[in-house]
Every structure is written in C-alpha cells, then in structure tokens.
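Below is one structure, written out as structure tokens; comments come after it.
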Amino acid sequence: MGRYLVRRLLQLVPVFIGTTLMIYLLVWKVPGDPFAGKCGDRGCPDNYRAMMTEKFQLDQPWFVQYATYMKNLLQGDFGTTWSGRDVGEIIATAYPNTLKLALVALIIEGVIGLTAGVLTGLRRNGFLDNLVLVSTLFLIALPVFVVGFVLQWFFGVKLGIVKPTVSNEMRITELLLPGFVLGSASMAYIARVSRTSIAENRRADYVRTAIAKGLPMRRVVGIHLLRNSLIPVVTLLGTDLGALMGGAIITEGIFGINGIGRTVLRAIVTKESATVVSIVVVLVLVYLVMNLLVDLLYAALDPRIRYE
C-alpha cells in the first residue's frame with residue numbers, strides 16, 4: 001500500500017502540470033486584446049498599458065509566463081487581479097462557503113440516494129421502486145436552475161418554511177435547500193447506481209450463503225451486501241465533490257451565496273484571468289486528491305482489492 005501511495009502521488013505531478021498548463025493557455029493566453037474593456041469605451045492610455053504589460057509579463061513568451069506563475073503558485077502566491085487585489089484572499093473568502101455548500105449537498109445526495117437505492121434494490125418492481133425511478137428520471141431531466149427556482153419559490157416564498165436566500169452566516173439549516181438543489185442530479189444517479197448494484201449482488205453466492213447460515217437480514221444487507229455494493233457509489237461521491245464545487249455557479253446565484261461559483265462568474269465577465277486560472281487550479285487539486293482517496297477506499301471496502 002505504501003509503494004502504491006507513493007507511485008500515485010508521483011503520478012499526480014505530471015497530471016497537475018498538464019492540466020494547469022492547459023488551463024493557463026486557454027484562459028490567460030486567450031487571443032485578443034487583454035486590455036479590452038479595462039478602461040471604459042475610450043481605451044487604456046499607453047502608460048497604463050506599458051505598466052501592466054511589465055507587471056504581468058505580457059511581453060514575455062507564454063512558457064516564461066507559465067513558469068513564473070507556477071513558481072509563484074508553489075510559494076502560495078496566486079497572483080493579483082488587474083485592480084491589484086490578491087487572488088489568494090479572494091479564494092480564501094469564497095472557497096469556505098462553496099466547500100460548506102458542496103459538503104451539505106454531498107451528504108444529502110449520499111444519504112437520500114443510497115437509502116432509496118438500497119430499498120428499491122431489495123424490492124424491485126414495487127410501488128416504491130417505480131416511484132424512485134420516475135422521480136430520479138425527473139430530477140435528471142430537469143435543469144438545476146429550474147429545480148432551484150421552483151423549490152425556492154415553493155418552500156421559501158409560498159410556504160415560508162425557509163429563507164429564499166442564504167445569509168452571510170451560512171447556517172446549516174439555510175444550506176439544506178440549496179444543498180438539495182445542488183446535489184439533486186447526482187442524488188438521482190446515486191439512487192439508480194446503488195439500486196442496480198444492490199439488485200445484482202443480492203443474487204451473488206455469498207449473499208445466499210449468508211442467508212442459508214441463518215444470519216439476520218439486517219446483518220446480511222448492512223455488512224455483506226451493502227459493503228460490496230458501495231464501490232460504484234463511492235466512485236460517484238468521491239469525484240462529485242469537485243464537480244459540485246465547480247458547478248455551484250447557478251445554485252449560488254439563485255440563493256445569493258458568495259462562493260467560488262459566483263466569484264469565477266464575475267471574473268469571467270470582467271476578464272480577470274488570474275482569478276479564473278487560480279480557482280480552476282484549486283478545483284483540479286480537489287479532483288486529484290479525491291480520486292486518490294477513492295482508490296484507497298476501494299481496498300477498505302473490498303478485501304479482494306490489494307495495491308502493490
């Protein structure tokens with residue numbers, strides 16, 4: 001396991017360099033005038049252009065700029081915006097809000113999706129099974145902004161159960177509704193995947209053997225059946241954290257959450273390339289770390305999986 005962990009960590013290095021290079025070239029070095037719209041309709045004066053060109057090394061080759069960016073990044077410097085604001089401070093302000101929202105969404109989709117999948121996988125073709133299949137298909141088909149606006153209006157405006165928007169305190173109770181909206185599509189996928197996995201493993205020899213030995217059904221399901229059926233669910237949940245954080249733009253906009261999603265949207269509109277690149281780099285790191293943790297969890301769930 002130790003050698004495998006070291007090997008996987010070493011494999012993350014070229015992946016990280018490759019993804020950050022691609023992001024840098026696509027976002028920072030996008031063709032066009034980098035000063036377009038920075039000084040209004042009149043255009044930027046020559047002295048401002050010369051100063052900013054020297055500050056951001058815009059006159060240097062792209063590989064020199066990328067090397068400088070990576071050197072600063074390894075030292076914890078995410079760069080500065082055109083207005084001189086530190087990008088690291090922007091991320092430090094917005095990132096915890098999005099992380100809290102994504103974790104709430106992850107817990108909601110894991111608990112509800114897995115519970116629905118287990119119940120329907122054990123009793124297929126019944127009323128509950130058909131209800132879950134129809135409702136999950138409904139959630140998958142509907143765009144997130146439709147689900148968000150409908151639930152916000154129904155629970156927040158019409159019934160008044162929750163606040164339509166989230167306050168700056170970001171209380172857990174306030175995040176339940178936006179967390180459900182953010183994780184609704186993933187929750188539907190988890191319910192369907194766990195349902196299929198439970199139904200397939202229920203016919204396995206080890207399950208029939210456990211039942212024949214007289215073990216209680218709760219033990220058979222909770223220890224033998226569920227443990228071996230969790231691998232595809234863990235894969236979805238593990239990789240979903242990065243996806244939830246990157247895809248929170250719409251949800252944060254609907255519920256007024258000042259997170260990574262709204263920050264990167266503002267950065268795209270105002271052409272703050274340094275902010276966009278740094279936020280995407282953070283999300284790439286989250287993806288890489290979560291993929292590594294998922295691989296390590298495989299061995300804990302299935303004793304037959306061993307890493308050398």
Side-chain angles (χ1 to χ4, degrees), residues 93-123 126-195 233-234 236-266 268-269 279 283 286 290:
T93 302
Y95 185 83
N97 297 335
T98 300
L99 180 60
K100 186 183 294 186
L101 174 63
L103 289 176
V104 171
L106 200 68
I107 294 173
I108 290 175
E109 70 182 52
V111 172
I112 298 179
L114 188 58
T115 302
V118 171
L119 294 177
T120 55
L122 293 175
R123 298 180 179 179
F127 172 77
L128 181 61
D129 186 26
N130 293 326
L131 178 62
V132 169
L133 289 177
V134 172
S135 59
T136 52
L137 182 61
F138 189 72
L139 290 176
I140 293 172
L142 281 179
V144 174
F145 67 88
V146 174
V147 178
F149 279 124
V150 170
L151 294 183
Q152 182 188 48
W153 172 82
F154 185 73
F155 290 103
V157 178
K158 186 174 181 60
L159 298 181
I161 299 176
V162 296
K163 292 183 179 179
T165 57
V166 178
S167 64
N168 294 330
E169 286 76 13
M170 296 279 293
R171 300 183 183 92
I172 298 298
T173 53
E174 296 177 329
L175 293 176
L176 292 179
L177 185 58
F180 180 88
V181 172
L182 180 60
S184 58
S186 298
M187 178 178 61
Y189 284 116
I190 288 175
R192 285 175 167 261
V193 169
S194 57
R195 170 187 178 272
V233 178
V234 167
L236 285 175
L237 288 174
T239 56
D240 209 28
L241 181 60
L244 291 174
M245 295 181 64
I249 297 177
I250 297 175
T251 305
E252 290 179 355
I254 293 174
F255 293 95
I257 300 173
N258 186 26
I260 289 293
R262 296 185 69 185
T263 302
V264 75
L265 180 60
R266 287 195 298 266
I268 292 173
V269 172
I279 289 177
L283 295 179
V286 173
M290 292 307 300

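Because only heavy atoms are used, hydrogens play no part in the values below, and waters and symmetry mates are left out as well, while side chains stay in.
- T93 meets the side chain to side chain contact (heavy atoms under 4.5 Å, CB included) test with no other residue; sequence neighbours excluded.
- Residues in residues 94-103 take part in these side chain to side chain donor-acceptor pair (under 3.5 Å) pairs, two or more places apart or across chains: T98-E252.
- Closest of all the heavy-atom pairs between V147 and S184 is CG1-OG, 4.4 Å.
- From L139, atom CG reaches atom CE of M187 across 5.0 Å, with rounding to the nearest 0.5 Å.
- The heavy-atom pair separating P164 from G156 by the smallest distance is CG-O, 3.9 Å.
- Looking only at side-chain heavy atoms (C-beta outward), L175 and I257 come within less than 4.5 Å of each other.
- Residues E109 and L244 have side chains in contact (heavy-atom distance under 4.5 Å, counting atoms from C-beta outward).
- Interatomic distance, I279 CD1 to L283 CG, rounded to the nearest 0.5 Å: 7.5 Å.
- Evaluated for a side chain to side chain contact (heavy atoms under 4.5 Å, CB included) with L177, the options I254, L182, V162 yield exactly one hit, V162.
- For the atom pair CG (N258) and CE (M170), the distance works out to 9.0 Å, reported to the nearest 0.5 Å.
- With hydrogens and angles disregarded, a donor-acceptor distance shorter than 3.5 Å links the side chain of T120 to the backbone of G117.
- By the 4.5 Å heavy-atom criterion applied to side chains, L119 and R195 are not counted as neighbours.
- Not a single donor-acceptor pair under 3.5 Å links the side chain of D240 to the backbone N or O of L236.
- Residues satisfying the side chain to side chain contact (heavy atoms under 4.5 Å, CB included) criterion with V111, sequence neighbours excluded, are I107, T115.
- Taking both residues in full, the closest heavy atoms of T263 and A94 are given as OG1-CB, 3.4 Å, listed atom of the first, atom of the second, then distance.
- Judged as a side chain to side chain contact (heavy atoms under 4.5 Å, CB included), and not counting sequence neighbours, the contacts of T136 are V132, A188, A191, R192.
- Counting all heavy atoms, side chain and backbone alike, G110 lies closest to L237 at CA-CD2, 4.1 Å.
- Within 6.0 Å of CZ in R266 there are more than 12 heavy atoms belonging to other residues, nucleotides or ligands.
- Looking only at side-chain heavy atoms (C-beta outward), V166 and P178 come within less than 4.5 Å of each other.
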Go through the steps for F155 and I161 under the test side-chain contact (heavy atoms from CB on, under 4.5 Å), then give the verdict.
CA-CA 6 Å; F155 290 103; I161 299 176; 4.0 Å; yes
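- Taken to the nearest 0.5 Å, the CD1 atom of I112 stands 5.5 Å off from the CZ atom of F180.
- For the side chain to side chain contact (heavy atoms under 4.5 Å, CB included) test, residues two or more places apart in sequence or in another chain that qualify with Y189 are I140.
- Every pair passing side chain to side chain donor-acceptor pair (under 3.5 Å) that includes a residue from residues 169-182 is listed here, sequence neighbours excluded: S167-E169, S167-E174, R171-E174.
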